[in-house]
2 protein chains.
Amino acid sequence: MFSYGRRMARTQGSHSGITGPKIREAALRLFAQQGYAAVSMRQIAKEVGVQAGALYNYTPDKQSLLFSLMKSHMTELLAAWDAVPPAAGAMERMRAFTGFHIRFHLERPDAVFIAYMELRNLTDENFAVIETLRRDYENGVEGILKQGVEQGVFRIPDTKIATLAVIAMLNGVNTWYRSEGRLTLNEVERVYWEMVQKAVSA
Amino acid sequence: MFSYGRRMARTQGSHSGITGPKIREAALRLFAQQGYAAVSMRQIAKEVGVQAGALYNYTPDKQSLLFSLMKSHMTELLAAWDAVPPAAGAMERMRAFTGFHIRFHLERPDAVFIAYMELRNLTDENFAVIETLRRDYENGVEGILKQGVEQGVFRIPDTKIATLAVIAMLNGVNTWYRSEGRLTLNEVERVYWEMVQKAVSA
DNA sequence: GTCTATACCAAGATAGAC
DNA sequence: GTCTATCTTGGTATAGAC
């Protein structure tokens, strides 16, 4: 039996250079499907095609991986909303928000699911960071509602509650929408905007 | 050193006769706080004040415990809504539903949290049972909306979506309401009813 | 009905070779 | 950068004594 030396039967990993992103993708999907606590590092490694030990070249521990995924999601959300050109009136701004929120969240159901479901699995320190980002987003929405009340186009007894109510309602889309389903994305947007608009209007 | 015999230093358990309910209460609280997968049988036992092995006198396994808690919650929800005297008109029925849903859910935040968050930790068989119960509840709400559309008091492009949107909005109350907070339960009910009413009205 | 003890397995994380 | 091997801890569930 001869040998090609160390080049043969190479089991030392692919060194592909994209292991980092692949780990994040696999973790995102698995955490969303089964929950953070139910997913093992070995399972993530298997999905990526490496051994469990190799994961620790990319994350110091499992908690940091979860936190990083959640933080990325929240900062992307804020950046994307910031990038939407602001309309003048509150009504039009609210309409833009409704459409933006639905589309952004439907495009990344796994990240959204994790961002809401795994808050309790964050350390206190990490939780505080995510909470601040979430609050920033909510404050942006409340600003629109307040503007609308001042302009007299909205009638809202409590803008903070209305903010949370609208966001909760829109988040519900992710639980039932399927792209092959009965309604197109535009129709979904229209139906929800009608409800939101009526709910907040004067 | 003398001894009182086997009556002394009794470590053989309390035999209190209420261990069963205590296990369910502890499991409900812990599952809600930390998630089903993150809670161990040892932890539940510790809360109850027994050893882990003793739990298996009350449940065949951890999965059955989760399922039993979720099923109890859903059947209680359906029974409680059935017990509400039905009003004549759709508008009044919807108002009764809004108040009922908010109050029922605020009274059992842990059970509600579990019912929504732990669906993915049920076996396929158990999941199907819970889903059917949830569907029954939703169909009751959709019935009201359909009646309102027929009577001309509601204008709703899609009663199924509106049902899910209303429920999602109302469920949001559980994420922020605190009894010591700024608003009384009656005020919360009023604020949400105003939004729901406007959202579905013609 | 509960205890103690344990079988059995899988988890997160690390060490050192390559 | 990844592998293999392993340390340590803690999980579910069961057996048999009391």
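Atoms considered below: every heavy atom in the structure, side chains included; atoms not considered: hydrogens, waters and symmetry mates.
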What is the separation between atom NZ on B/K22 and atom P on C/dG1, rounded to the nearest whole Å? 15 Å
Do the side chains of B/V173 and B/H101 get nearer than 4.5 Å, heavy atoms only? no
Can you see if the side chain of A/Q51 gets near the phosphate of D/dT2 - specifically, an N or O under 4.0 Å from OP1 or OP2? no
Under a 3.5 Å cut-off on both pairing distances, which runs of 3 or more consecutive Watson-Crick or G-U pairs involve DNA chain D? C:1-18 with D:1-18
Starting at CG of A/L55 and ending at C1' of D/dT4, how long is that distance when rounded to a whole Å? 15 Å
For the student: nearest non-hydrogen atoms of A/A111 and A/L28, plus distance: CA-CD1, 3.9 Å
In terms of heavy-atom contacts, does CZ of A/R95 have more than 12 from other residues, nucleotides or ligands at under 6.0 Å? no
Would you call B/K160 and B/E138 a salt bridge, taking side-chain N to carboxylate O under 4.0 Å as the test? yes
Identify whether the distance between the nearest side-chain nitrogen and carboxylate oxygen of A/E131 and A/R135 falls below 4.0 Å. yes
Find out whether A/W176 and A/V188 are in side-chain contact, i.e. whether some heavy atom of one side chain is under 4.5 Å from a heavy atom of the other. yes
Would you mind telling me which of D/dG1, C/dT2, D/dC3 lies closest to the side-chain atoms of A/V50? D/dC3
Ion pair A/R182/A/E187, N-O distance below 4.0 Å: no
Basic-acidic side-chain contact under 4.0 Å: A/E25, A/K22: no
So if I define the base as every atom that isn't primed, P, OP1 or OP2, how would nucleotides 8-14 of chain C read as a B/S/- string at a heavy-atom cutoff under 4.0 Å? ---BBBB
Is the phosphate of C/dT2, meaning OP1 or OP2, less than 4.0 Å from a side-chain N or O of B/T19? yes
